[in-house]
There are 2 protein chains.
Amino acid sequence: MYELFFRKFNEKVPLTHEEEEMIKTYLTPKKLRRKQYLLQEGDVCKSIAFVEKGALREYSIAENGNEQIIQFAIEGWTISDLYSFLTGEPATYNIDAVEDSELVLLSKSAHEELLRKLPKYETYLRLQVTGAYLALQKRLTSVNTLSPEERYANFTQLYPELVQRFPQHMIASHMGLTPETLSRARRKIKSK
Amino acid sequence: MYELFFRKFNEKVPLTHEEEEMIKTYLTPKKLRRKQYLLQEGDVCKSIAFVEKGALREYSIAENGNEQIIQFAIEGWTISDLYSFLTGEPATYNIDAVEDSELVLLSKSAHEELLRKLPKYETYLRLQVTGAYLALQKRLTSVNTLSPEERYANFTQLYPELVQRFPQHMIASHMGLTPETLSRARRKIKSK
DNA sequence: AAATTACGTTGACATTTGTCAATGAAAACG
DNA sequence: CGTTTTCATTGACAAATGTCAACGTAATTT
């Protein structure tokens, strides 16, 4: 249990066995069936979720009713509505499972206590959020500087497993395109 | 000197006088004239810059030669090519001054030493990067869910000072629009 | 195994945005 | 103060993307 969680944690910040045992007392396992919600907009995000197994997506609903996916998460990844988690404000995003999934949850109070007790946890957080920030920055830059074809080609190269496990219309949503436009972009790539 | 820097720092993480004096030994002041580069793409970003006075922009060059502004910074804000700073890789972005500016620089080695010596610095970083991440996430979501008119209206409400101090074509660039499209969006807003 | 649902592709057409160029006003420069 | 540069707006036209609908295939459900 929590194998992958600690493997990923240790990749960023090495833990002693005692530290791992301590952190374990703050973790909660959770299973989700495909299509089951982890979080609905308007509720407060009570936990940060780490994916031990499975696949999830985080999305908001645009004014026209369309879903806009802001993030995917597969094994080894973390997912939450971070603003809601940190502030206790109602969540903007929905999170649901695209495949049957097994998660490791860390609650707000556990998060706060670990911040007090374990400096390594703060380092881990800083590194996690920094990585997430840099990925988002790169993504926003590419939206404004690259064509859909270039962006899709980059995406399949960077995240081949996401392309395999999520339907194409979700990839399109994540890229801010309609399924039709992505289909046309893929056609253009093939003809080159 | 460094007044605003420590005011902002203390808003996030309160420092003792001794701690402030210690941090001061790691800071370097720098002045920039309008249009002067702080960082050019291809160079390594050697410092994180805090703005004591003035205004800067960070931008990349798209394949078609257009500038795409990813970030502005005015008094109290921080600016850098963070990936380049952390990894020593060549910078993707350019940073230059839109107004004559006074900065407070923190070098990579100072950053690393402060991380070792002062746990409060790590907390400050975590909080800084978390805020930056949340702002970027919100921005990317709005790109895909709101019209240019709505986005501009939000932007002027959230950042009135940016709208006053940066020319409109730079605001357009930051929004991922051409100046013409932003002008049309503003006309639409006025006719409502 | 049959029925149903989900998915990806495609084309016609509508809408939005970018490109180009011109104009006038404001700001900056000498 | 005169000259030059920068900026914002506008319109015509081109290009890109969204919307709608239909179709065939694959996956899921019954």
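All chains are named by letter (A, B, ...) in the order of the sequence lines, taking the proteins before the strands, and each is independently numbered beginning at 1. Side chains included, hydrogens not; waters and symmetry mates left out as well; all remaining heavy atoms used. Only a predicted model underlies this, so the values are computations on that prediction, with no experimental measurement involved.
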Once you round it to whole Å, what is the distance between [atom2] of [N] and [atom1] of [X]?
X: Asn64(A); N: dA14(C); atom1: CG; atom2: C1'; value: 16 Å
X: Glu150(B); N: dT16(C); atom1: CD; atom2: P; value: 12 Å
X: Lys190(A); N: dG8(C); atom1: NZ; atom2: C1'; value: 9 Å
X: Glu180(B); N: dA8(D); atom1: CD; atom2: C1'; value: 10 Å
X: Glu63(A); N: dT19(D); atom1: CD; atom2: C1'; value: 18 Å
X: Asp100(A); N: dT28(D); atom1: CG; atom2: P; value: 11 Å
X: Leu177(A); N: dT17(C); atom1: CG; atom2: P; value: 14 Å
X: Tyr152(B); N: dT16(C); atom1: OH; atom2: P; value: 20 Å

- Quick one: is dT9(C) close enough that its OP1 or OP2 comes under 4.0 Å of any side-chain N or O from Arg184(A)? no
- Are Arg186(A) and dT9(C) close enough that a side-chain N or O sits under 4.0 Å from OP1 or OP2? yes
Can you give me the N/O atom pairs linking the protein to nucleotides 5-7 of chain D at distances under 3.5 Å, or say none if there are none?
unit_1	atom_1	unit_2	atom_2	d
dC7(D)	OP1	His169(B)	NE2	3.3
dC7(D)	OP2	His169(B)	NE2	3.1

- Query: Starting at the 5' end of DNA chain D and moving along, which residue's nearest nucleotide shows up first, Glu149(A) or Leu182(B)?
  - Reply: Leu182(B)
- Judged by nearest nucleotide, the residue sitting upstream toward the 5' end of DNA chain D, Arg187(B) or Phe166(B), is Phe166(B)
How about [X] and [Y]: are their ring centroids closer than 6.0 Å?
X: Tyr124(B); Y: Phe9(B); value: yes
X: Phe155(B); Y: His174(B); value: yes
X: His111(B); Y: Tyr26(B); value: no

- Message: Checking contacts here: which listed nucleotide (dT19(D), dT9(C), dT19(C)) is nearest the side-chain heavy atoms of Ser183(A)?
- Response: dT9(C)
- Note on the structure: Closest of dG18(D), dT10(C), dT17(C) to the Thr181(B) side chain is dT17(C)
Does [X] reach the side chain of [Y], with side-chain heavy atoms less than 4.5 Å apart?
X: Leu27(A); Y: Phe50(A); answer: no
X: Leu38(B); Y: Lys30(B); answer: yes
X: Val163(A); Y: Tyr152(A); answer: yes

- Message: Quick check on the hydrophobic clustering: are Tyr37(B) and Tyr93(B) connected, directly or via other members, by side-chain heavy-atom contacts under 4.5 Å?
- Response: no
